Amino acid sequence: MAIANGQKWIDKEVSSSEAAMNIDLSLSADTVRMLAQKARAVAETTADTFEDGHEGDVEFDADTLEEAHGHDGLAEEESDNLSDEELRELLEDLNVDEAAELVAITWIGRGDFEAEDFSQAVQEAKDRAVGSTASYLLGMPMLADHLEAGLDSLSL
């Protein structure tokens with residue numbers, strides 16, 4: 001950066017502490033990283049469970065031409081993975097300020113706002129909040145990537 005000093009221009013290096021943004025979060029950056037890890041785990045467990053090219057195929061017994069899939073009267077069990085439920089509960093437990101900051105970090109990571117506009121993003125997140133923050137964030141593709149990119153943009 002060049003600074004005018006009378007008629008001379010002096011080049012000045014910007015130190016990393018000057019370049020770092022001064023942001024005081026209600027949530028710690030470590031908590032946001034933990035939420036990103038949980039979001040990544042949820043995304044991995046909800047991947048397509050169908051084999052390629054066999055979505056919705058029904059198996060038939062060739063002799064009786066009846067559906068071959070059977071479970072002998074037992075209810076099919078759901079996955080024991082509680083990651084989605086756990087993440088949803090964590091997000092629902094956030095207070096208004098924490099939820100708005102998390103949404104703002106996500107928006108910055110997604111490229112909707114610049115890091116310098118963090119305060120504006122937080123205010124807009126508060127203004128737009130009408131439903132469940134958990135539902136909004138969990139419905140967002142690549143949530144974990146956006147959270148991590150937002151933290152990186154904010155140098156947190």
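Residues: numbered from 1 along the sequence shown. Given the structure is predicted, the values throughout are model-derived calculations rather than measurements.
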Across all chains, not counting sequence neighbours, the side-chain hydrogen bond (donor to acceptor under 3.5 Å, both in side chains) partners of E148 are R40
With sequence neighbours left out, the residues meeting side-chain hydrogen bond (donor to acceptor under 3.5 Å, both in side chains) with S119 are none
For [X] and [Y], which heavy atoms make the closest approach, and how far apart are they?
X: L151; Y: A29; result: CD1-O, 4.0 Å
X: A99; Y: T133; result: CB-OG1, 3.8 Å
X: V122; Y: A100; result: O-CB, 3.8 Å
X: S153; Y: A115; result: O-CB, 3.4 Å

So for atom CD, which belongs to E92, do other residues, nucleotides or ligands contribute more than 12 heavy atoms lying within a distance under 6.0 Å?
yes
Measuring from [X]:[atom1] to [Y]:[atom2], what's the distance to the nearest 0.5 Å?
X: Q37; Y: L147; atom1: CD; atom2: CG; result: 11.0 Å
X: D30; Y: L35; atom1: CG; atom2: CG; result: 11.0 Å
X: L90; Y: E85; atom1: CG; atom2: CD; result: 11.0 Å
X: K38; Y: E86; atom1: NZ; atom2: CD; result: 3.5 Å
X: R110; Y: L143; atom1: CZ; atom2: CG; result: 10.0 Å
X: D112; Y: T106; atom1: CG; atom2: OG1; result: 9.5 Å

Pairwise side-chain contact, [X] with [Y], heavy-atom cut-off 4.5 Å (strictly under):
X: I105; Y: L25; result: yes
X: S135; Y: R88; result: yes
X: T31; Y: E98; result: no
X: L91; Y: L102; result: yes

Single-linkage hydrophobic cluster, 4.5 Å side-chain cutoff, M34 and V103 together
yes
Same apolar cluster (I L V M F W Y, side chains within < 4.5 Å links), M142/M140:
no
Under the criterion side chain to side chain contact (heavy atoms under 4.5 Å, CB included), I'd like the reasoning laid out for D97 against K126: C-alpha separation, chi angles, the key distance, then a yes or no.
CA-CA 8 Å; D97 293 331; K126 287 180 181 179; 2.7 Å; yes
Ring pair (Phe, Tyr, Trp, His ring centres under 6.0 Å): which pairs involve residues 90-113, sequence neighbours left out?
W107-F113
